[in-house]
Q: 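Let me begin by handing over the structure; questions about it come next.
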Amino acid sequence: MAQALLNKTFATIKSNVSMFTLNDWTQLFQSKLTLVLPEISLDQLSIVPQNISCDSYQAIFTSLDSSSNQMSSGKQQTVYKSFIKPFLTQSGPICTQNSNSSSFLKNNIGKFSQFADYSDLVAFNKNFRGLDVLSGLTLKQKVDLSLLLNSTSDPTAAASIVGTLQNTNDLFDFLGNINAGIVSNKLSSVPPSLSQALLNKTFQALKANMSSYSVSDWNQLLQANLSNFLPEISSEQLSLIPQNISCDSYQAILKNLDINFPKMNPVKQEQVYNSLIKPYLKNKGPTCAQNVNSGALISQNFGKFSQFASYQDFVALNGNFSGGDVLPSLTIQQVIEFSLNPSINASLAANITAKIQNVTDANSFLTALSASAQLNKVTSLSAPMSQALLSKTFQMLKPNINSYYDSDWTQLFQNKLSLLLPEIRKDQLSLIPSNINCSSYQPIFNSLQSSFSKMKPSNQEDVYKSFIKPYLKMKGNTVTCYNQSNSWLVNNLGSFMTYTSQEDLMLFANDSMLQNFANDPSSVQLASQLKFPKDTALYFTSLLTSSQSFNLSNLPDTFLCSLSPSALKNLSAEAALDVTKKINQKCYNTTGGQPVSAPTPEDVQVAISLVSKLSNFTSETLTNLGQSAVGLSPSQINNMNDGDLKASVSTLGNVSGWNVGQTRSIMNKLLGSNFTISNLSSLGSLVTGLPSKKLQDLDPASVLSAVKDTQFASKLSSAPPALQNMFVKQILAASSTASSVVKNVPSSLASFIPKSSLLFKSEKPSLQDVNGKSWTPDQASMFFDDIAINTTDFTQISSSVLQGFTCSTPSKLSTSQVKGLGKAMKSQSASLNEDQLNCLSRQIVKTGYPSDLDTYPKEVFLFLNSTSYSSIGNCTDFFTNVGKANISVLTKGSKQRSNLLTNSLSCMKVSGSSLTYSNIQVLGQLSCDLNATMIGGSSPTILTQLSQCPSFTTEQQGAIQTLLSKDTTVFGAPSTWTKDTLTSLGGISGFLTKDILTNISSVSLKSWLKGAIQSSSLSRSQFASIVQNLQSTRARRAASCTSGAITADNVNDDLLPLSYTATQLDACLDNNTLTSYLSVLSSKTFTTDQLSVLKNRLDAIYPTGYPESILTSLGYITLVCTDADVSKWTIASVDTLSSLLASGPSNTLAASIITKYTSSGNQLNGAALNAIGSQYICQLSSAQLGLITSTAISDAKALDVSACSQTVKDALYSKAKAAYAAQNSAVSTYYNLIKPYLGGAPAADIKSLATMGPNMDIGTFVKLNPTVVPSLTVSDVKSLLGTNVADLKTQESNSVVSSWIQSQKQSDLDTLGLGIQGGIRDYATTAPPTAGSSASTLTHSVSILLAVLGIFLLH
C-alpha cells in the first residue's frame, strides 16, 4: 500500500517538482508522506531534483531520518546512496558552512551516517572533525579516521578513538579492519600514537587471560592482529606478559618481535630486551637453552635483540655456549667480553682480532676491553688472546709509531695494553724506536714492571733482552736516563734486574756508579727480593761489600749466599764463625731431613776463606762450621785433635761437596787413631775418603745394609771409582742372585756390576728393577732380550735398558714388535751405537720403507739410502732427516759417512764450494764433515751449524778461524761477543785464536770461562790452550809476586790459571798453600808450564818421591811427571792407581805407573783392570798380562781391546774364555760375555762359535783376528752372522771382509745371494765378469785362470 501510494504520489508530482518550494517539500515529506516513507524507493527518490536548496534538502532529510528506524537496512542504504550522498557531494560544502561536525551529522546525514565512508564525511564538509563526533562514528569510520592520523595529528587522537571501543569484539573488529586498511592503503607504517593506543588497549583487555595462551594464541595475537603495531610496544605492555609462560610461547613472542626489530627505534629495541627478554631469561632461560648449539641459543632466545645482552647473559643460559661458534653474530662489546674468557685459543683469537681493521678500531677495542675487564674484575687474558691483540695492535701502529709523543706511549702502555703486557714478545718490543726519550721509556718500563709478576719467565727475559737492555746501554760514558738519583736500578731495571749478568750491568754504568746504585736502600730492598743468576748475585754482592766503610753485619741475609772472599779479608776468627753460622742458616738450611745440595765452587771458596781465619778446630767449632766445613784443608784436618775429629764424624758426614783429598785426609786420620766403623752409613759424605781396602775388610752384609739407606747411597756417586767398584764387589758378595744384585746395587754404582753377575738364569729380570738403574750397553745386553720378549709396551722400558738391544734381538721378536721397539728407541731417546742402528734399520725396512719412518730414531736414516726412500719422499727430505741425526755414531772420515755428505750435495745439485742457507739447513750435522774450502765459501750461517759439531780437523779449524776473524758471521765481531755468544759457539770456542780471544770483552770472557769450566763443556787441554793464548809469552826471571798472593781467599777460583802466568804462579804460591790445597790446585785447567811450576815445587818439598797421600791428590800434575818421577813413587793400592790414571797421562807414562803398581806385588784383579780401563789396557806387557787373575776378567767391566796389539788381544781372549767357559752352553749369554775379546780368538773357537748361531754384528766380525777370518768358510760366516749376513755386501770394501771374500770360492759366495764378487773362480766354470764386477775382481780371476793353465801346460 505504502509503495503504491508513493508511486502514485511521485508520478503525480514528477512534472512539477522543479517548481517545488521549501514549503512544498516540507508539506510533502513532513506531513503527507510520513506514514509511507519507510518504503520509499530508489525510483521515487531519484525524482527529487539534485539542485534543491539546502533548506529543502534538510526538510526532506529530517522526514527520512525520522523514518529511518522503520526502514530496512537496504532501504536505509538506498536513501543514503541515492539521495543523501549525491546531494551532499554536490551541495554539501555550501549547506554545511558554519556548522560544527556534530550539527553537520545531525542535520545532514543523521542515522544514515553508518553507510558513509569517513572520506565521504570529509568530502561533504571540509571542516568535519571525526574526533568531535567519535560517538557518532561507526567502527569502520573510526578505522578510516585512524588511518588518516599522522605525526602532526593531535597526540591524544588515537587514544580517544581506541577509547571508544567498548569490548574485546569491538577491539578485534577494529584490529581486523585497520590491518586490512593498512594493506589496502599500502601503508608502510602506522602512527606511533595509534600503535601505542591499540597495543595498550589490547594488552589491558587480554592480560587476565595471557597466562593461559598457547603458542598459536600468541602467534594469532602478535602476528595476525598486532604485527603492524609491535614496533611501538612499550615496557608497560611487555611487563603484562606473564613470566611463567612456556619456553615455546616465549620464543613465539620473541620471533614476532624479532620480525619487527628493524622498524623499532633503538630505545624501543632496548626496552623489549630489558622488559621482556632479560627478566624472562633470567628466570627460565636455562630451561629454554638446553640441547641447542650456540647459534640456535641466540636466535631462539634473543633474536636481533641479542645486541643488548652481555656475553655473560649467553653463558648464563648454557655453560657450553661458545662465542667462537657465533662470532659474526656478536657485537663488538660482546666480542670484547668473550675475549676475557681464559680459554680463548689461538684460532679464536685470530678470528676476534680480524674485526680490528685500523688504528681507530684498535684503540676503541682496547679501550673497551680495559673497561670491561675492570668491570668484570678480570686481571689477565688468555695467552693466545693477548698475543693476537698485541700483534694486531703493533701491526696497526707500526706505520706511525715513530711519531708517538710521550703521552701516546703513556696512554698505550698504561691504559690500553695493560692487560696484554704479560704476553708481549720481543718482535713487538723491537718495534719501539730505540731513540725514544726517557720520558717515553719511563711509562713503558713502569707498565712492563707492573706486569712482571704475571709474565712467564721467557716473556720477562724477552722484555729485558729485547727492550730494556738495548735501551739502557751507555751511549759513550753517559748513563741512560740518569737523573742524579741513586735509585736508578729500581727506576729503570726494576724486577727485570733478575735477568742481568755482570757484563750487562757493566754496559749500563761504570763500577763506581754501579756501586752507588747498588747501595741505594730501594735497590737493596728490591734486589733482596729477586733471584739472580749466580754471576750477577756475586757481582751485585761485591758492589755492596766493596766500600771501604762497609760493615758485613749490615748485609741483608739474602746476599750472604753470594759473598766473595774479598768481603771476608779482615774478619777475626770470632766474626768469621758468626758469619759462618748465618751462611749455614740462610744458604744451607734444609727441611724434611733432605741433604744439603752440592755447593758451587764460589761457595767452596767462601768456605775456605772463612775456615782459614780459624786455628782451633774443636768438636764444637766443627759443629758450628756445619756445611762451611767443606772449606777445611787437609793440613787443617791433619792438625786436629783425634778426639774432636771422632766426635764430629756425624756432623762432618752431613757436609756436602767434599773433594776426595779432604775426605781421604779425614778418613786416614780417623783410621790412624783406631776409629772403628761400626755403622758404615754413619760416615755419610765422608765415605768417599774410605780406602777401598778398608771397605773390603768390612762384612758384606753390613755394606749391603748401609747402601739401603738412600741418603747414604746418594753420597757414593761422588766416590772415587776404585771405592765404587769395591762397594759393588761387597754388595755382590751379599747378594745370591742376579735379581737381588739389581735390587741392591744403587743406581749410581750399577755400571760397576760385572756382566757375569747379570746372569738371571731361570729367574726373569724385573722391568721395574732394571728400569731404575743406569746401565752401560754391554750390561743391558745381558738381560735386554728377556725384557723385550716379555714386554708389550716398549715405551715402558727406560733408555738405559733399551741400549741393550743387540743384533740378535730381532730374531726373537716379530716384525711388528721390532718396529714397535724401534719407535720406543726414539720416544725414550735411547742412545745406540753404529752396529745396533745398522741392525735395527735393516729390520725396520725389511718389508719396504714405512710411511711413518719419521717415528723412528733419526739415526736410522744414516743406514738407509735415498734411492729406496723415493717410495715415500724425495732425496731432500731424506737428507734433511740424515742431517738431524747424530752423525757421530759413524766414525769421522769413514766411507759411509763420506758418502752421505757426497750424496747429499749431489741431491741438492751443489757444484763448487758455495753453500746457501737452505743447503746448510738440509745438511744439518753433515756440515761437520765439510772441507775447509766449502766452509770458507758458504753462507755465514754455516757457523751456527758447525757450533754443534763435536770435533774438527785441523783444516776445518783453520777455515772457521778465518771466518770468525772477518767479523761478518752471525756472531758478529769478537769485540761485541757476550757470555751467551761464547756459549753459542759450542765446540768452536775450544780453538779460538789469540787475536780473537784478546778482542773479547774481559768480563764476558771470564764469565763464560767460569761457567764452561764448571759445566765441563770443553776439555782440560782446550781450556789450557785458551789460558796459554791469553797470557804473555815473554819469559821473566826471578820475578816478584805482582799478581797478588795465592791464599785461602782465592785458591779455589776457577780462573786462577788465567790470573797467573807460570812465572807469577811460582812467585805468588807458597809451599804451605800448595800442600794444603793440592787437590784444589791440581784440578785447575793450568797450562803445561803452570803445571810444571806446581810439580817443581812438589819435587823440592819431596825430593825422594811423593808419598802416596800426595799421589792420590796429584790430579793434572801427573801429566807433567816423567818415568823417572814414577820410579820414586810407591803405588801400593788400587785407589792410588786409579787416581793417577784418571788424569789421563800419556800411554808411556801410564805404562810406567802400571808397572810401578805391579812391581809392588799387586795383582791385576777386577778392580785394577777397571782402573786401567780400555784406555790403557793395551799398554800391558806380556808379563803384566800374566798377572791378570783367573776371575779378573769376569769381575771387571767389559774392555774394548780393538786398538790393542794382536798379542794383547790373544792373551785377554784366553783369560776371558777361561772366565766364561761355564756359560758357553747359553748362546746369547756366552756371546755377549765373550764378544769384547773375540779379536783374540783362534779360528777353531770362531768356527765353534759359528755353530751356535750368535747373530754376530758386522762390527764385531771386522774386528776378528785378520789372519783368522780368511780361514772361515762361507758356511761358517753365514752361521756366525745369521740375520746380519747381508752386511757383508755393504762392508765388502773393508779390508777384513775383502780378504775373506778373496779367500772363498765364488760359487760358495754366490750361495749367499748377496751379489758379492771377488771370490776364487773354478777355471772350468769361469763365466764372463758381470757388469757389476770390479776390475780388481776380473784381474784376480784372470790371474788364477792363467796360473792353472800354466800348470796344465807343464804337465
Side-chain angles (χ1 to χ4, degrees), residues 565 601 604-605 608 633-634 659 661 989-994 997-998 1000 1002 1005-1006 1008-1014 1016-1102 1106 1110-1122 1124-1126 1139-1140 1142-1146 1149:
V604 173
Q605 178 59 76
I608 291 173
S633 70
N659 65 48
S989 60
F991 52 87
L992 297 176
T993 64
K994 184 169 186 174
L997 287 168
T998 53
I1000 302 171
S1002 174
L1005 185 59
K1006 288 181 178 180
W1008 167 72
L1009 274 173
K1010 185 175 287 188
I1013 289 170
Q1014 293 174 11
S1016 302
S1017 56
L1018 294 180
S1019 68
R1020 190 212 67 83
S1021 61
Q1022 287 174 316
F1023 279 119
S1025 176
I1026 291 172
V1027 171
Q1028 187 72 52
N1029 278 325
L1030 288 170
Q1031 291 184 340
S1032 172
T1033 57
R1034 187 174 57 186
R1036 297 177 64 184
R1037 290 186 181 180
S1040 60
C1041 176
T1042 59
S1043 301
I1046 298 173
T1047 67
D1049 289 329
N1050 64 350
V1051 70
N1052 201 50
D1053 183 359
D1054 285 323
L1055 299 184
L1056 198 69
L1058 202 60
S1059 305
Y1060 295 84
T1061 63
T1063 304
Q1064 280 295 294
L1065 180 65
D1066 194 26
C1068 299
L1069 177 66
D1070 61 45
N1071 289 348
N1072 182 56
T1073 301
L1074 173 61
T1075 54
S1076 293
Y1077 300 103
L1078 181 60
S1079 291
V1080 174
L1081 289 166
S1082 66
S1083 65
K1084 301 295 178 194
T1085 55
F1086 285 119
T1087 64
T1088 300
D1089 288 344
Q1090 291 170 319
L1091 290 172
S1092 295
V1093 168
L1094 301 181
K1095 176 186 177 296
N1096 292 338
R1097 284 293 192 83
L1098 289 175
D1099 288 346
I1101 299 170
Y1102 305 104
Y1106 307 155
I1110 293 295
L1111 293 179
T1112 56
S1113 298
L1114 209 53
Y1116 291 132
I1117 299 174
T1118 307
L1119 303 180
V1120 292
C1121 292
T1122 65
D1125 295 320
V1126 174
S1139 295
L1140 291 169
S1143 61
S1146 67
L1149 187 62

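Here the structure is a predicted model, which is why all the values come from computation and not from measurement.
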Q: For Asp1054, run the side-chain hydrogen bond (donor to acceptor under 3.5 Å, both in side chains) check against Gln605, Gln1014, Lys1010 and tell me which one passes.
A: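 Among the candidates, only Gln1014 passes.
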Q: How close do Ser1143 and Gly1115 get, heavy atom to heavy atom, and via which atoms?
A: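 Residues Ser1143 and Gly1115, closest heavy atoms: CB-O, 3.3 Å.
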Q: Evaluate the side-chain proximity of Asn1052 to Pro601: yes if any heavy-atom separation is below 4.5 Å, no if none is.
A: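 They are in contact (side-chain heavy atoms under 4.5 Å apart), so the answer is yes.
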Q: Is a salt bridge present between Lys1084 and Asp1053, judged by a nitrogen-to-oxygen distance below 4.0 Å?
A: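 No, Lys1084 and Asp1053 are not salt-bridged.
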Q: Identify the heavy atoms of Ile1013 and Leu1055 that sit nearest to each other, and give their distance.
A: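 Heavy atoms of Ile1013 and Leu1055 come nearest at CD1-CD2, 4.3 Å.
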Q: Less than 4.5 Å apart, side chain to side chain, heavy atoms only: is that true for Ser633 and Val1051?
A: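 No, side chains not in contact.
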Q: Any non-hydrogen side-chain atom of Pro1057 less than 4.5 Å from a side-chain atom of Phe1023?
A: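 SC-SC contact between Pro1057 and Phe1023 ruled out.
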Q: Could you check whether Gln1064 and Thr1061, counting side-chain N and O atoms only, form a donor-acceptor pair closer than 3.5 Å?
A: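 Looking only at side-chain atoms, Gln1064 and Thr1061 do not form any donor-acceptor pair under 3.5 Å.
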Q: So if I apply the side-chain contact (heavy atoms from CB on, under 4.5 Å) rule between Ile1117 and each of Leu1094, Leu1081, Ile1110, Val1093, which one comes out positive?
A: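 That would be Leu1094; it is the only one of Leu1094, Leu1081, Ile1110, Val1093 passing the side-chain contact (heavy atoms from CB on, under 4.5 Å) with Ile1117.
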Q: Specify the closest pair of heavy atoms between Leu1078 and Ser1113, including all atoms of both residues, with the distance to one decimal.
A: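 Looking at all heavy atoms of both residues, the shortest contact is CG-O, 3.6 Å.
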Q: Would you say Ile1026 and Leu1058 make side-chain contact, with heavy atoms under 4.5 Å?
A: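 When only atoms from C-beta onward are counted, Leu1058 and Ile1026 do not touch, as no gap falls below 4.5 Å.
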Q: Please tell me if the side chains of Arg1020 and Leu1119 come closer than 4.5 Å, counting only heavy atoms from C-beta onward.
A: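 A side-chain contact under 4.5 Å exists here.
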Q: Going by heavy atoms in the side chains, are Asp1066 and Thr1063 under 4.5 Å from each other?
A: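 Result no, sub-4.5 Å side-chain heavy-atom pair not found.
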Q: Just wondering, do Val1027 and Phe1086 contact through their side chains at under 4.5 Å, heavy atoms?
A: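 The answer is no; the side chains never approach within 4.5 Å.
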Q: On a heavy-atom basis, which atom in Ser989 and which in Leu992 lie closest, and how many Å separate them?
A: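 Taking every non-hydrogen atom into account, O-CG, 3.6 Å.
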Q: What I'd like to find out is whether the side chain of Thr1075 reaches to under 4.5 Å of the side chain of Tyr1102, using heavy atoms alone.
A: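 Side chain of Thr1075 against side chain of Tyr1102, heavy atoms only: contact under 4.5 Å found.
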Q: I'd like to know whether NZ of Lys1095 has more than 12 heavy-atom contacts from other residues, nucleotides or ligands below 6.0 angstrom.
A: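 Yes, NZ of Lys1095 has more than 12 neighbouring heavy atoms, counting only those of other groups under 6.0 Å.
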Q: Assess, by modelled atom type and distance only, whether the side chains of Asp1125 and Thr1122 contain a donor and an acceptor separated by less than 3.5 Å.
A: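 A donor-acceptor contact under 3.5 Å links the two side chains.
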Q: Show, in sequence, the C-alpha distance, side-chain angles and deciding distance for Leu1030 and Leu1005, and conclude whether the side chain to side chain contact (heavy atoms under 4.5 Å, CB included) test is met.
A: CA-CA 10 Å; Leu1030 288 170; Leu1005 185 59; 3.4 Å; yes
Q: Verify, without hydrogens or angle tests, whether Gln1090 (side chain) and Tyr1060 (backbone) share a donor-acceptor contact under 3.5 angstrom.
A: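 Yes, because the side chain of Gln1090 sits within donor-acceptor range (under 3.5 Å) of the backbone of Tyr1060.
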Q: Starting from the C-alpha separation in whole Å, work towards a yes-or-no answer on side chain to side chain contact (heavy atoms under 4.5 Å, CB included) for Asn1029 and Thr993.
A: CA-CA 7 Å; Asn1029 278 325; Thr993 64; 6.0 Å; no
Q: What's the shortest heavy-atom distance between Ser1076 and Pro634, and which atoms?
A: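 That would be O-CD, 2.8 Å.
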Q: May I ask you to decide if Thr1088's main-chain N or O and Ser1092's side chain share a donor-acceptor pair within less than 3.5 Å?
A: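 Yes, the answer is positive, given that a donor and an acceptor are paired below the 3.5 Å cut-off.
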Q: With side chain to side chain contact (heavy atoms under 4.5 Å, CB included) as the test, would you mind laying out the steps for Ser1082 and Leu1114 before giving the verdict?
A: CA-CA 6 Å; Ser1082 66; Leu1114 209 53; 5.8 Å; no
